[in-house]
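What follows is a short report on a single structure.
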Amino acid sequence: MAGILQTAVSTLIAALVMGALGWVAMRAGSRSVDHATRRIVPNPTVICAIAAGCFALGGVAIYAALFHDGGIAAWCVGLPSVSFGILMLLGLSPRMAVTWDPVRLEGPASYGMPPFGPKRASMTYDAIVEVGIDRMGSFYVLDAQGQKIRWSEYYSGFHELVDHISAQRPDLVEEPDH
């Protein structure tokens, strides 16, 4: 019985923490670069919390591998967890920012991580031929040359960019069913 209660409490705490992180990400706004330019970046609170979780899991697994005969299974959990935590922190790179003004938008065009990526793209609103969500869950805009600019709901102020694109290109945005 104690094990079930412990699992239920742990699950509730994890759900509350994840909900709080989502709330933080959804409420944060874009930043003004100048009088006409806005910028969104991955939410640092969310990125750092995920990285901290990865480092904690990885640290416990590596500790188990080194000092408690955790074996290969502990290494197979620990090393990827720490690696993913490092990759998450690279998401704080300025190369991940999306900027827009009344004429164009610019942002990451690939899923690469610094220092090798992401590739960056820039396009005018009239060059956009498609707006959507890809299979990774990222929002994107696509131009006729096949360039994509991507961002996700974990960007502070992502909804402002979605609203701006909807206002610039209403012909490409479907109205939600009510």
Side-chain angles (χ1 to χ4, degrees), residues 1-31 39-99 105-122 130-142 146-162:
M1 183 65 171
I4 293 172
L5 182 61
Q6 182 180 10
T7 302
V9 169
S10 298
T11 302
L12 178 62
I13 290 171
L16 289 172
V17 168
M18 294 304 289
L21 289 175
W23 182 81
V24 166
M26 296 295 280
R27 300 207 21 110
S30 66
R31 297 185 188 250
R39 172 182 291 138
I40 59 173
V41 297
N43 186 289
T45 303
V46 172
I47 297 293
C48 290
I50 292 171
C54 290
F55 293 141
L57 176 62
V60 167
I62 291 171
Y63 178 81
L66 292 173
F67 301 109
H68 294 285
D69 196 30
I72 192 73
W75 287 109
C76 289
V77 169
L79 294 177
S81 295
V82 170
S83 299
F84 189 73
I86 292 168
L87 288 175
M88 288 303 298
L89 290 177
L90 292 175
L92 298 174
S93 164
R95 296 183 58 81
M96 301 302 289
V98 179
T99 57
L105 66 151
E106 178 184 335
S110 67
Y111 286 114
M113 289 299 225
F116 308 109
K119 292 188 319 184
R120 306 262 313 154
S122 177
E130 186 179 326
V131 175
I133 299 175
D134 66 18
R135 64 178 179 258
M136 298 291 286
S138 296
F139 296 93
Y140 72 87
V141 292
L142 175 72
Q147 288 190 114
K148 281 186 180 178
I149 296 176
R150 294 181 165 96
W151 67 98
S152 77
E153 61 196 14
Y154 296 109
Y155 276 64
S156 297
F158 80 93
H159 56 281
E160 294 174 48
L161 177 56
V162 170

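All values reported here derive from a predicted model rather than from experimental measurement.
With a 4.5 Å cut-off on side-chain heavy atoms, L89 and F55 count as touching.
Remark: the backbone N or O of P108 is not paired with any side-chain donor or acceptor of R150 at under 3.5 angstrom.
Of the residues R39, R120, R95, the one that meets the salt bridge (charged side-chain N to carboxylate O under 4.0 Å, His left out) test with E106 is R120.
Residues S138 and S152 come closest through the heavy atom pair OG-CB, 4.4 Å. Annotation for M96 and G91: closest pair CG-O, 3.4 Å, computed over non-hydrogen atoms. Closest approach of F84 and I50 over heavy atoms only: CE2-CG2, 4.3 Å. Contact record, F158 with I40: CA-CD1, 4.0 Å, taken as the closest heavy-atom pair. Residues P42 and L92 come closest through the heavy atom pair O-CD2, 4.4 Å.
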Determine all donor-acceptor pairs shorter than 3.5 Å in which one atom belongs to a side chain in residues 67-83; sequence neighbours excluded.
{"unit_1": "S81", "atom_1": "OG", "unit_2": "V77", "atom_2": "O", "d": "2.7"}
{"unit_1": "S83", "atom_1": "OG", "unit_2": "L79", "atom_2": "O", "d": "2.9"}

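Once rounded to the nearest 0.5 Å, the distance linking CG of L142 with NZ of K148 reads 6.0 Å.
Every side chain to side chain contact (heavy atoms under 4.5 Å, CB included) that L12 has, sequence neighbours left out, goes to L16.
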Step by step, would you call F139 with V98 a side chain to side chain contact (heavy atoms under 4.5 Å, CB included)?
CA-CA 12 Å; F139 296 93; V98 179; over 6 Å; no

